[in-house]
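Structure first, commentary second.
Everything numeric here is computed off the predicted structure, so don't read it as measured data. Chain letters run A, B, ... following the sequence lines, proteins first and then strands; every chain starts at 1.
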Amino acid sequence: DTAVSQTPKYLVTQMGNDKSIKCEQNLGHDTMYWYKQDSKKFLKIMFSYNNKELIINETVPNRFSPKSPDKAHLNLHINSLELGDSAVYFCASSPGQVGEQYFGPGTRLTVT
Amino acid sequence: SQQGEEDPQALSIQEGENATMNCSYKTSINNLQWYRQNSGRGLVHLILIRSNEREKHSGRLRVTLDTSKKSSSLLITASRAADTASYFCATDGGSNYKLTFGKGTLLTVNP
């Protein structure tokens, strides 16, 4: 069983479009995250949610809007996509505020 | 500011050898974690060491933590080709709900 799943795995789109990435975890965790990994493999936190509430927004442009309909889901919607948004986006979850995180397989977003 | 900085950036060894990777960070921490990322995959948690611990083992992994030097090391003993991956350290910066990752060490284990 997949613990943290993301869809789609690959996303190719043009500048200016709006796209969404979905994330689901079946681990019963309270906390979920979005990370962005750039072409140099640098991984940076974007958002943290706990029990559907936004805890951390790491100075991400407001074109990025996370939505957590329930504890098991954290989706990421991106408006007006830019070339610099091209990256791999990872969803993760954890049972608490600290401790190990469980990562999804990633969504490779390519903006042309 | 970025917390973790791994060293070296890349490491190539032969199967059976040991691999050591280092991580330095800048602020106080509650814990430090190491993750592995295989090419094209998500990160996998390897080991967590708390700020009051100095050494921790898990199978072929040994992690040390020196909070006075703000540094940690990950030792993989008797490496295998399957250990080929990028390895990242991550720190919580003393706060909750957030991990800051280093740039990673790319380990290549040659058969």
Side-chain angles (χ1 to χ4, degrees), chain A residues 2-7 9-10 21 23-25 27 29-60 66 68 74 87-108, chain B residues 1-11 21 23 25 28-53 56 58 61 63 74 84-108:
Chain A
T2 304
V4 182
S5 60
Q6 295 178 228
T7 54
K9 188 166 174 62
Y10 299 96
I21 307 171
C23 177
E24 177 180 2
Q25 54 98 0
L27 298 167
H29 290 166
D30 288 338
T31 310
M32 296 185 72
Y33 312 82
W34 277 110
Y35 288 87
K36 178 181 179 180
Q37 187 173 45
D38 63 22
S39 58
K40 296 184 179 179
K41 290 209 161 184
F42 180 48
L43 194 70
K44 186 171 168 56
I45 182 77
M46 299 174 70
F47 301 103
S48 297
Y49 266 73
N50 186 60
N51 278 321
K52 304 192 298 177
E53 292 196 14
L54 178 67
I55 303 297
I56 287 180
N57 177 344
E58 197 68 4
T59 60
V60 177
S68 183
L74 180 62
V88 181
Y89 291 84
F90 287 99
C91 177
S93 72
S94 65
Q97 306 167 6
V98 296
E100 69 179 277
Q101 296 184 10
Y102 295 75
F103 281 77
T107 295
R108 181 174 293 277
Chain B
S1 62
Q2 184 172 321
Q3 278 275 37
E5 295 276 352
E6 287 90 345
D7 166 50
Q9 289 189 349
L11 181 60
M21 289 158 269
C23 168
Y25 57 93
S28 62
I29 61 172
N30 293 316
N31 65 66
L32 183 144
Q33 303 178 41
W34 285 90
Y35 287 80
R36 183 188 74 229
Q37 184 180 31
N38 290 85
S39 181
R41 309 289 289 272
L43 280 76
V44 174
H45 181 265
L46 295 175
I47 198 163
L48 179 153
I49 186 165
R50 302 189 192 287
S51 59
N52 60 354
E53 297 175 311
K56 202 161 183 181
S58 176
L61 305 180
V63 169
L74 170 67
T84 294
S86 292
Y87 291 82
F88 295 87
C89 69
T91 55
D92 60 9
S95 65
N96 298 328
Y97 299 110
K98 177 180 172 180
L99 284 181
T100 301
F101 285 81
K103 294 179 181 176
T105 293
L106 176 59
L107 172 66
T108 302

K56(B): side chain to side chain contact (heavy atoms under 4.5 Å, CB included) partners, not counting sequence neighbours: I47(B), I49(B), E53(B)

query: Going by atom types alone, do Q37(A) and Q37(B) pair a side-chain donor with an acceptor below 3.5 Å?
result: yes

field: Selection residues 30-42 of chain A - residue pairs positive for salt bridge (charged side-chain N to carboxylate O under 4.0 Å, His left out), sequence neighbours left out
entry: D30(A)-K71(A)

query: What residues of residues 50-57 of chain A sit under 4.5 Å from chain B when only non-hydrogen atoms are counted?
result: N50(A), I55(A), I56(A)

field: Part of K9(A) lying under 4.5 Å from any heavy atom of chain B
entry: side chain

- line: Cut-off 4.5 Å, heavy atoms of chain A, and the answer for L48(B) is side chain

query: Checking Y35(A) against chain B: side chain, backbone, both or neither under 4.5 Å from a heavy atom?
result: side chain

statement: Between L43(B) and L43(A), the two heavy atoms sitting closest are CD2-CD2, 3.7 Å

- prompt: So which heavy atom on K98(B) is nearest to which on E58(A), and how close?
  reply: NZ-OE2, 2.7 Å

- prompt: Got a second to check how far H45(B)'s NE2 is from F103(A)'s CZ, nearest 0.5 Å?
  reply: 10.0 Å

F90(A): partners by ring-ring contact (aromatic ring centres under 6.0 Å, His included), with sequence neighbours left out: none

message: Give me the atom names and distance for the closest heavy-atom approach of F101(B) to F42(A).
response: O-CE1, 3.6 Å

field: Residue L46(B) versus chain A: region with a heavy atom under 4.5 Å
entry: neither

